[in-house]
Amino acid sequence: MPPFPDVHPPVCPPLPLLTGQKALVTGASSGIGKAVALELGRAGADVCVNYSSKEEPALEVVRELEAMGRTAFAFKADVAQESEVLAMFAAVRDRFGDLDILVNNAGLQQDAPLDEMTTAQWQKVIDVNLTGQFLCAREAVKEFKRHGVRPKLSCAAGKIICMSSVHEVIPWAGHVNYAASKGGVMLLMKSIAQEVAPHRIRVNSIAPGAIQTPINKAAWDTPEHYNALLKLIPYKRIGEPEEVGRLAAFLASDYADYVHGTTVFIDGGMTLYPGFETGG
Ligand code: NAD
């Protein structure tokens, strides 16, 4: 156990950074995506809550956003299916008129040792985690180019935030499909950022370390697992989805207007080679 209480940060007061802006968050009915949707809402944005399976958790996020006074709606779409992504962006146009912020959050894991990984497991993870981000980014850029910069709303014509992972740089045995997808997200993000910067479209990634969500339940669901996880985290606690949500709200805002084409790690130091923390 860490040599101090397991203190987690308080919920900070929201800043009205995104008033009047319209956001689409993929995979927003659980975990990090849900927290991102709610933090964008707290910062003033109206939000399309994308989900891919059960409707009720997405409707719950919509209700929470509406209780804040935001406009929100849930839309079912598999981000790996081009026709469903096109339908989702058409729905955003119908309901919101414009789009200012895309958070490419949807993702999954299908883990197996390399010599047992099926082609289906490989392809599913690449399709959702990488192709899904490509499809949504492409449609968002079309929207952003269409309306251009509207200075009363934001300095940028649009903002894209890609949910990457520390595994865009840390190799991950037993998860080659996931690590390859996130490594791909890194250069997808940077290449899009380079291409669209002259249109004043900002593109960045967030790379979380261990955040307490359903995707990694096995890593924190018992004290033994949690203590083993802490060996990988110099800051000696797991992260919370709301912390990623607040970073997304900052990156989407004009406070981050000169932040472009980069990955912001939010990992309690997981990328600091924790194996060396006692001198190596
Ligand atoms: P999660 O399982 O709660 O969230 C993933 C969401 O994506 C779910 O709501 C799921 O329904 C949705 N999704 C899956 N396939 C989809 C598809 N084809 N179309 C649309 N939506 C789909 O887990 P999470 O931890 O909140 O993960 C969110 C993102 O954060 C993922 O991209 C994940 O890789 C990334 N991430 C998470 C952690 C962590 O420690 N939790 C660390 C690094 C990166």
Side-chain angles (χ1 to χ4, degrees), residues 24-39 48-62 74-89 102-111 121 123-137 161-170 172 175 177-186 188-189 205-221 225-226 229-230 232-233 235 237-245 247-248 263-268 270-271:
L24 166 60
V25 183
T26 65
S29 60
S30 67
I32 290 171
K34 174 178 179 177
V36 167
L38 294 176
E39 292 298 331
C48 170
V49 176
N50 161 250
Y51 67 102
S52 63
S53 52
K54 292 189 194 129
E55 185 180 27
E56 184 46 38
L59 293 179
E60 178 54 38
V61 179
V62 168
F75 194 89
K76 183 173 184 174
D78 177 345
V79 296
Q81 298 299 325
E82 185 168 23
S83 59
E84 297 183 30
V85 170
L86 295 182
M88 176 165 68
F89 277 81
L102 166 67
V103 182
N104 256 337
N105 168 79
L108 47 72
Q109 290 178 216
Q110 293 204 355
D111 310 328
Q121 286 173 316
Q123 199 60 55
K124 178 76 179 173
V125 171
I126 298 295
D127 284 351
V128 175
N129 293 12
L130 186 55
T131 306
Q133 293 218 14
F134 156 72
L135 290 171
C136 292
I161 298 169
C162 301
M163 202 56 69
S164 184
S165 163
V166 288
H167 297 295
E168 74 169 42
V169 293
I170 301 178
W172 204 12
H175 307 74
N177 47 3
Y178 186 83
S181 73
K182 296 300 186 179
V185 166
M186 177 176 65
L188 173 72
M189 177 278 289
S205 285
I206 293 176
I211 309 296
Q212 193 160 11
T213 75
I215 209 172
N216 57 3
K217 191 165 187 289
W220 50 260
D221 61 352
H225 292 160
Y226 188 61
L229 178 65
L230 293 188
L232 298 174
I233 309 172
Y235 205 63
R237 71 168 174 83
I238 197 166
E240 295 181 3
E242 293 71 22
E243 296 180 88
V244 183
L247 176 56
T263 297
V264 181
F265 287 81
I266 176 164
D267 68 352
M270 191 178 255
T271 37

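Remember, it's 1-based here, ligands and their atoms both numbered in the order they're listed.
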Could you tell me the residue and atom name of the protein heavy atom closest to [atom], and the distance to it rounded to 0.1 Å?
| atom | result |
| --- | --- |
| atom 37 (C) of ligand 1 | Ile32 CD1, 3.6 Å |
| atom 22 (C) of ligand 1 | Ser52 OG, 3.3 Å |
| atom 28 (C) of ligand 1 | Asn105 OD1, 3.3 Å |
| atom 36 (N) of ligand 1 | Tyr178 OH, 3.6 Å |
| atom 2 (O) of ligand 1 | Ile215 CB, 3.9 Å |

Classify the contact between [X] and ligand 1 as side chain, backbone, both or neither, using a heavy-atom distance cut-off of under 4.0 Å.
| X | answer |
| --- | --- |
| Val166 | neither |
| Ser53 | neither |
| Ile211 | both |
| Thr213 | side chain |
| Asn216 | side chain |

(request) Return a yes/no value for Leu108: is any of its N or O atoms, backbone included, closer than 3.5 angstrom to an N or O of ligand 1? (result)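 By distance alone, the answer is no.
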(message) Taking distance alone, with N or O pairs closer than 3.5 Å, would you say Lys182 contacts ligand 1?
(response) yes
(message) With the threshold set at under 4.0 angstrom, would you say Gln81 reaches ligand 1 through any of its heavy atoms?
(response)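 It does not, in that no heavy atom of Gln81 comes within the 4.0 Å cut-off of ligand 1.
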(request) Please state whether Thr26 comes within less than 4.0 angstrom of ligand 1, counting heavy atoms only. (result)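 Per 4.0 Å heavy-atom rule, Thr26 does not contact ligand 1.
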(message) Do Thr263 and Glu168 pair up side chain to side chain, a donor and an acceptor below 3.5 Å, judged on atom types alone?
(response)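 Yes, side-chain donor-acceptor contact under 3.5 Å.
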(request) Determine, considering heavy atoms only, which of Pro57, Gly209, Ala210 sits nearest to atom 38 (C) of ligand 1. (result)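 It is Gly209 whose heavy atom sits nearest to atom 38 (C) of ligand 1.
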(message) Looking at non-hydrogen atoms alone, which of Gly107, Gly27, Ser164 comes nearest to atom 35 (C) of ligand 1?
(response) Ser164
